[in-house]
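Each remark here refers to the structure printed beneath this line.
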Amino acid sequence: MLPNFGLRGSKSRDEALARVNQDKTFSRIQAWEETEKSKVLNKYAKAVVKITAWENTRNATAETVLKKDEEKLERRRAVYLEKMKNMIAEVHRQAEEMRAAAKAMKAQELLRIEDVAAKFRSEGYMPNRCLCFGA
């Protein structure tokens, strides 16, 4: 048999070429994978930015509405408090008028009683309905 030096070298060369082709393929696959992952990560980052912007807008809108409502309630509360203070002042004024009227009526009745008592003293007789002494 003749030594087959060329075949052995050819076989190892083919294996080396196959390995190189396989390495090329793997590196292309790896590059594609990294590219796709990068695209997904960028897409995710953009989505997060959009969501955050949307959230911030909604929160700002809600806070604006809340502040307006709080101001409106505060104004209504102030009006109501003023109304209640006025009502309390009116009740106090009316009570003072009623006290003054009662005091005037008391003074008038005491004066009338003193006049009647003076009349009884001057005439010298007792009133018919005197509960002072048991009859």
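Applying the salt bridge (Lys or Arg N to Asp or Glu O under 4.0 Å) rule to E90 yields the partners R93; only residues at least two apart in sequence or on another chain are considered. K37 meets the salt bridge (Lys or Arg N to Asp or Glu O under 4.0 Å) test with E33; sequence neighbours excluded. Considering only residues two or more places apart in sequence or on other chains, K67 meets the salt bridge (Lys or Arg N to Asp or Glu O under 4.0 Å) condition with none of them.
Contacts classified as side-chain hydrogen bond (donor to acceptor under 3.5 Å, both in side chains) and involving residues 19-28 (residues at least two apart or in different chains) are not found. Under the salt bridge (charged side-chain N to carboxylate O under 4.0 Å, His left out) criterion, the residue pairs touching residues 98-127 are E96-R99, with sequence neighbours excluded. Residue pairs satisfying the salt bridge (charged side-chain N to carboxylate O under 4.0 Å, His left out) criterion with at least one member in residues 54-65, sequence neighbours excluded, are absent. Residue pairs meeting the ring-ring contact (aromatic ring centres under 6.0 Å, His included) criterion with at least one partner in residues 93-126, sequence neighbours excluded, are F120-Y125. Screening residues 76-89 for side-chain hydrogen bond (donor to acceptor under 3.5 Å, both in side chains) gives no qualifying pairs among residues at least two apart or on separate chains.
Atom CE of M84 has more than 12 neighbouring heavy atoms from other residues, nucleotides or ligands inside a 6.0 Å radius. Around the CD atom of Q94, the shell of radius 6.0 Å holds more than 12 heavy atoms that belong to other residues, nucleotides or ligands.
Under a 3.5 Å cut-off, the side chain of T35 and the backbone N or O of A31 do form a donor-acceptor pair.
By the 4.5 Å heavy-atom criterion applied to side chains, K43 and K46 are not counted as neighbours.
The other members of the hydrophobic cluster of Y44, by chain and number, are V48 (side-chain heavy atoms under 4.5 Å, ILVMFWY only).
Note that the CD atom of E71 and the CZ atom of R75 stand 6.5 Å from one another [nearest 0.5 Å]. For the atom pair T64 OG1 and N59 CG, the distance stands at 10.5 Å (nearest 0.5 Å).
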